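Heads up: the structure comes next, in structure tokens.
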Amino acid sequence: MNLQDYRGVWVFIEQKNGAIAPVSLELLGAGRKLADKRGVPLAGILIGDGVRPLAADVIAYGADTVYLYDDPIFHHYRTESFMRAVIEACQKHKPEIFLFGATSTGKDLASAVATDLATGLTADTTQLDVDAETGLLEASRPAFGGNIMATILCKKDRPQMATVRPKVMKRLAPDLKRKGEIVEEAVSVREEDLRTKVLEIVRDTTQRVRIDEADVIVAGGKGLGGPAGFELIHRLAETLGASVGASRDAVEAGWVEHHHQVGQTGVTVTPKIYFAIGISGAIQHLVGMQNSGLIIAINKDPAAPIFGSCHYGIVGDAFVIVPLLIEAFQKALQSEVPQYG
């Protein structure tokens, strides 16, 4: 393999029901920075059925080129059909870096593509950089249970691939006047060649709180001691109209369901306000909430790592402090309610 033949940064543009996934727009922002540092173009690969109108948005959010596969065979996501299109595009155009969202689709597709191309793939990346001279992608992610940050390099193979967690990168403001090229690629895959068919899609109608969309999150950790202690989190969240978050320890202890978990093995969140109560601040948790607008930590251990990442910290017993906060917030909220009579 001649590494000099590979040039450019690519982003897989995940889309569903006529809308681009937010993580893909975030990756276009990250990819733009990498491409500019390397002095190479940024491209998006867009695959689907009737998705050509989305190509203009890909360019507006930073891409120079859009490689478009638009055909009914891509109406539903199937690993095999999408993988074949991506592999053909990579073999033809030879990108040096290829980014995917760490979603169920992105993880599935990236792993299949990396296996077939016999190249490296860094999963669940939270930081990206590139060496301007060598072109080596520096993909960083928590390792060893979240105790350290590891930077992974792929020195001998191309493209260098990574999946990136949603909400850890910043999308650019769209520039609707931006010009770019749309390259319509030929579709070589045929329906009769595919081993899978989509017979029916059954949607999960379970109502769950989307903490990744919350403006205020009250999160609790193992410092609360048990399910009874965790009730403080629910009470404060209810008072503020906030969503409930949790550390991995609290979830694994069974105090709250997994969809409340914030961190590397949970959800990445970017609320306006994040309360971290009884949470020590392991890297595994920090990567999931470090981009919050305002972080308020409460912990009785003054040496807890969370105090190095918060905007305001309170050293003390949560069982004393949180009830006082609830009382203060209730009074403040009641004073804002107009009184009639």
Side-chain angles (χ1 to χ4, degrees), residues 126-127 140 142-149 165 167-168 209 211-212 214-336:
T126 58
Q127 297 175 20
S140 301
F144 294 100
N147 292 314
I148 65 169
M149 288 293 290
R165 290 178 68 87
K167 295 209 169 196
V168 298
V209 175
I211 62 172
D212 58 335
D215 287 332
V216 181
I217 295 175
V218 179
K222 65 178 180 180
L224 293 167
F230 207 85
E231 283 302 312
L232 276 176
I233 301 300
H234 291 283
R235 287 173 52 200
L236 179 55
E238 183 179 358
T239 300
L240 297 175
S243 294
V244 171
S247 68
R248 182 175 65 181
D249 289 327
V251 170
E252 290 182 346
W255 304 344
V256 67
E257 293 181 344
H258 182 269
H259 62 268
H260 292 280
Q261 183 174 328
V262 175
Q264 178 69 18
T265 52
V267 180
T268 301
V269 298
T270 55
K272 295 177 181 177
I273 303 175
Y274 187 88
F275 288 87
I277 302 173
I279 294 175
S280 63
I283 292 176
Q284 192 275 343
H285 185 80
L286 293 179
V287 297
M289 45 66 76
Q290 61 190 353
N291 290 324
S292 302
L294 178 68
I295 301 172
I296 302 168
I298 301 172
N299 200 296
K300 63 182 180 181
D301 179 6
I306 190 68
F307 289 124
S309 299
C310 67
H311 299 93
Y312 295 99
I314 303 173
V315 178
D317 189 342
F319 295 98
V320 174
I321 295 168
V322 174
L324 293 175
L325 288 177
I326 293 172
E327 182 180 356
F329 283 129
Q330 287 174 339
K331 288 181 179 178
L333 291 169
Q334 289 172 359
S335 67
E336 295 179 1

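Excluded from the calculations below are hydrogen atoms, water molecules and symmetry mates; all remaining heavy atoms, backbone and side chain alike, are included. Computed from a prediction, not measured in an experiment: that's the story for all the values here.
The 12-atom threshold is exceeded at NZ of Lys167, counting heavy atoms of other residues, nucleotides or ligands nearer than 6.0 Å. No more than 12 heavy-atom neighbours from other residues, nucleotides or ligands sit within 6.0 angstrom of CD on Glu238.
Using a 4.5 Å cut-off on side-chain heavy atoms (C-beta onward), Ile217 and Ile273 make no contact. Within the 4.5 Å cutoff, side-chain heavy atoms of Leu232 are placed close to those of Pro323. Within the 4.5 Å cutoff, the side chain of Ile277 has heavy atoms near those of the Val218 side chain. The closest side-chain heavy-atom distance from Tyr274 to Val216 is not below 4.5 Å. At a threshold of 4.5 Å between non-hydrogen side-chain atoms, the residues Met289 and Thr268 do not count as touching. Inter-residue side-chain proximity for Leu325 and Ile298 is flagged as met; some heavy-atom pair is nearer than 4.5 Å. Between Met149 and Thr126, the closest side-chain pair of non-hydrogen atoms falls below 4.5 Å.
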Verdict with supporting geometry, Thr265 and Arg248, side chain to side chain contact (heavy atoms under 4.5 Å, CB included): CA-CA 8 Å; Thr265 52; Arg248 182 175 65 181; 3.7 Å; yes
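Across Val256 and His260, no two heavy atoms sit closer than the pair CG2-CD2, 3.3 Å. Pairing each heavy atom of Ile233 with each of Val244, the nearest pair is CG2-CG1, 3.9 Å. Residues Gly245 and Val262 share a closest heavy-atom pair of CA-CG2, 4.4 Å. Of all heavy-atom pairs between Ala246 and Ala219, the closest is N-CB, 4.0 Å. Of all heavy-atom pairs between Pro302 and Phe307, the closest is O-CD1, 3.7 Å.
Looking at His285, its side chain never comes within 3.5 Å of a backbone N or O of Ile279 through a donor-acceptor pair. Side-chain N or O atoms of Arg235 include none that pairs as donor or acceptor with a backbone N or O of Ile326 at under 3.5 Å. At least one donor-acceptor pair under 3.5 Å links the side chain of Arg165 to the backbone N or O of Gly263.
For Val267, the side-chain contact (heavy atoms from CB on, under 4.5 Å) test picks out Ile211, Asp212, Val269, with sequence neighbours left out. Not counting sequence neighbours, the partners of Glu327 by the side-chain contact (heavy atoms from CB on, under 4.5 Å) test are Leu324, Lys331. Applying the side chain to side chain donor-acceptor pair (under 3.5 Å) criterion to Glu231, with sequence neighbours excluded, gives no partner residue.
Here the OG-CG distance, from Ser280 to Asn299, works out to 7.0 Å after rounding to the nearest 0.5 Å. Separation of atoms CG (Asp249) and CD (Gln284) is listed at 8.5 Å; rounding is to 0.5 Å.
For residues 232-252, the ring pair (Phe, Tyr, Trp, His ring centres under 6.0 Å) pairs, not counting sequence neighbours, are Phe230-His234. The list of salt bridge (Lys or Arg N to Asp or Glu O under 4.0 Å) pairs with a residue in residues 274-299, not counting sequence neighbours, is empty.
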Check: residues 309-321 side-chain donor-acceptor pairs under 3.5 Å, at least two apart:
| unit_1 | atom_1 | unit_2 | atom_2 | d |
| --- | --- | --- | --- | --- |
| His311 | ND1 | Ile295 | N | 2.8 |
| Asp317 | OD1 | Phe319 | N | 2.9 |

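Counting only N and O atoms by type, the side chains of Ser247 and Gln261 include no donor and acceptor under 3.5 Å apart.
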